[in-house]
Protein chains: 2
Amino acid sequence: MPTQTAAERRAEAKVAYDAYIDKCPSRKLLDTLSDKWVSLVLVALSDGPRRYSDMARRIAGVSQKMLTQTLRSMERDGLVTRTVTPAVPVRVDYELTALGRTLLPLMAAVKTWAEEHIEEVEAARSRYDSLT
Amino acid sequence: MPTQTAAERRAEAKVAYDAYIDKCPSRKLLDTLSDKWVSLVLVALSDGPRRYSDMARRIAGVSQKMLTQTLRSMERDGLVTRTVTPAVPVRVDYELTALGRTLLPLMAAVKTWAEEHIEEVEAARSRYDSLT
DNA sequence: CGGCATCCAATGTGATACTG
DNA sequence: CAGTATCACATTGGATGCCG
């Protein structure tokens, strides 16, 4: 499978969807991607498949409920695959799909931006809060 | 993926903050950036200053409350500036700061990704939902 | 015009307990 | 191990009304 499908090239040439429009499906998708945990899950899978418990450990502070919920949503959206290995105890691995890998660099960039600019942001907050 | 500046490469070489850590300030910043409206506001300001009412019209479906709340938060974080022109009626313009402009391409890319891949995502959803 | 304050319904989220 | 189920609680977000 080619990196970019014909459909993707077409979409890029002329964007038929506009996230600025309330009812546009892409708006809802953008809302989903803007979820608190999606970027962290995506980046956690950047190096290949990961077990559920690995991810829970990696993403400190995420509850079981939210991790499962986020992974289910991303699986449904075609961003990750879920592979169950029948054993005792059972083993479940998650992996990025081709689609998920196209999104990864974008979300990773945002995560990195946050890490690199947090000091500037904190300085701005101090300035803002010290006014009146 | 956007071009990297020298400053970004330098910061990447030594990241002091890690969004994977629960208590890390950058984690909270990432949460803030993952807000539903931040990306849309950011892109709405990509062409220069915009009046409050312009933005409300552009970002269909946003309530006054959420638009104001999002703009305040972004102003506090140093992403946008707020300029009040005393007149009757009053005029308020918002504009991206230098810091905000470094984040813009990243968020714009995510928004564009959503618009370009929504059809693939919807196809994946259909597949997922049709299973048992 | 560009807010802010208030109320209230809906949704999100964590803690806890339980299971194949 | 990798969930599911349930409850309690916090947060979100819209609607409304008022104001400089």
Side-chain angles (χ1 to χ4, degrees), chain A residues 19-23 27-41 44-45 49-77 80-95 128-129 131-132, chain B residues 19-23 27-41 44-45 49-76 80-95 128 131-132:
Chain A
Y20 275 119
I21 297 169
D22 196 16
K23 304 282 169 56
R27 163 72 80 86
K28 276 178 189 160
L29 177 57
L30 183 58
D31 291 349
T32 304
L33 300 182
S34 296
D35 183 83
K36 194 177 176 180
W37 302 109
V38 170
S39 58
L40 291 174
V41 166
L45 293 173
R50 289 266 176 186
R51 296 188 63 165
Y52 180 89
S53 49
D54 282 346
M55 307 190 64
R57 233 173 297 115
R58 183 88 196 277
I59 308 175
V62 69
S63 66
Q64 200 173 41
K65 176 178 176 176
M66 289 318 297
L67 181 55
T68 299
Q69 189 174 301
T70 303
L71 284 167
R72 281 287 180 288
S73 166
M74 292 173 70
E75 186 194 2
R76 180 169 181 264
D77 289 352
V80 303
T81 56
R82 177 173 179 269
T83 308
V84 181
T85 306
V88 181
V90 73
R91 175 197 175 106
V92 181
D93 288 276
Y94 290 91
E95 185 172 13
Y128 184 90
D129 293 343
L131 301 177
T132 56
Chain B
Y20 275 118
I21 298 170
D22 196 17
K23 304 282 170 55
R27 163 72 80 86
K28 276 180 189 160
L29 177 56
L30 182 59
D31 291 350
T32 304
L33 299 181
S34 296
D35 184 83
K36 195 177 174 180
W37 302 109
V38 170
S39 58
L40 291 173
V41 166
L45 292 173
R50 288 269 176 185
R51 295 189 63 166
Y52 180 89
S53 50
D54 282 345
M55 306 188 65
R57 232 173 297 114
R58 184 88 196 276
I59 308 174
V62 68
S63 67
Q64 197 175 43
K65 177 179 177 176
M66 290 318 298
L67 182 55
T68 299
Q69 188 174 300
T70 303
L71 285 167
R72 280 289 178 287
S73 167
M74 293 173 70
E75 186 195 1
R76 180 167 181 267
V80 303
T81 57
R82 178 172 178 271
T83 308
V84 182
T85 306
V88 181
V90 72
R91 176 197 175 105
V92 179
D93 287 277
Y94 290 91
E95 186 173 11
Y128 184 91
L131 301 177
T132 56

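What you see is a predicted model, and the numbers here were worked out from it, not measured in a lab. Residue numbering restarts at 1 for every chain, and letters A, B, ... go by the order of the sequence lines.
In this structure, R82(B) places its CZ atom 10 Å from P of dG2(C), rounding to the nearest Å. Taking atom NZ of K36(A) as the reference point, atom C1' of dA10(D) lies 11 Å away to the nearest angstrom. Atom C1' of nucleotide dT12(D) and atom CG of L67(B) are separated by 16 Å, given to the nearest angstrom. Going from atom CG of D54(B) over to atom C1' of dG2(C) covers 13 Å, rounded to whole Å. Taking atom CD on Q64(A) and atom C1' on dT19(C), their separation rounds to 12 Å, with Å as the unit. With rounding to whole Å, M55(A) atom CE is found 16 Å from dC1(D) atom P. Following rounding to the nearest Å, K65(A) (NZ) and dT6(D) (C1') show an atom-to-atom distance of 9 Å. Between the P atom of dT11(C) and the CE atom of M66(B) lies a distance of 15 Å, rounded to the nearest Å.
Under 4.0 Å is where a charged nitrogen must lie from a carboxylate oxygen, and between D54(B) and R57(B) at least one such pair does.
Between R51(A) and dA2(D), a side-chain N or O to OP1/OP2 separation shorter than 4.0 Å is present.
Side-chain atoms of S53(A) lie closest to dC1(D) of the nucleotides dG3(D), dG2(C), dC1(D). The side chain of V90(A) approaches dA2(D) more closely than any other nucleotide in the set dG2(C), dA2(D), dG3(D). Listed candidates were dG3(D), dA2(D), dG3(C). Nearest to the side chain of Y94(A) is dG3(D).
A pairwise comparison of heavy atoms in Y20(B) and R58(A) identifies CE1-NH2, 3.4 Å as the closest pair.
Counting any heavy atom pair closer than 4.0 Å across all strands shown, Q69(A) reaches no nucleic acid atom. In this structure, V92(B) reaches the sugar-phosphate backbone alone: every heavy-atom distance under 4.0 Å involves primed, P, OP1 or OP2 atoms, never a base.
Distance alone, capped at 3.5 Å, places no donor-acceptor pair between the S73(A) side chain and the Q69(A) backbone.
Atom CG of L131(B) is separated from atom CZ of R76(A) by 11.5 Å, given to the nearest 0.5 angstrom.
For the pair I59(B)/R27(A), a side-chain contact is recorded, criterion being any heavy-atom separation below 4.5 Å from C-beta on.
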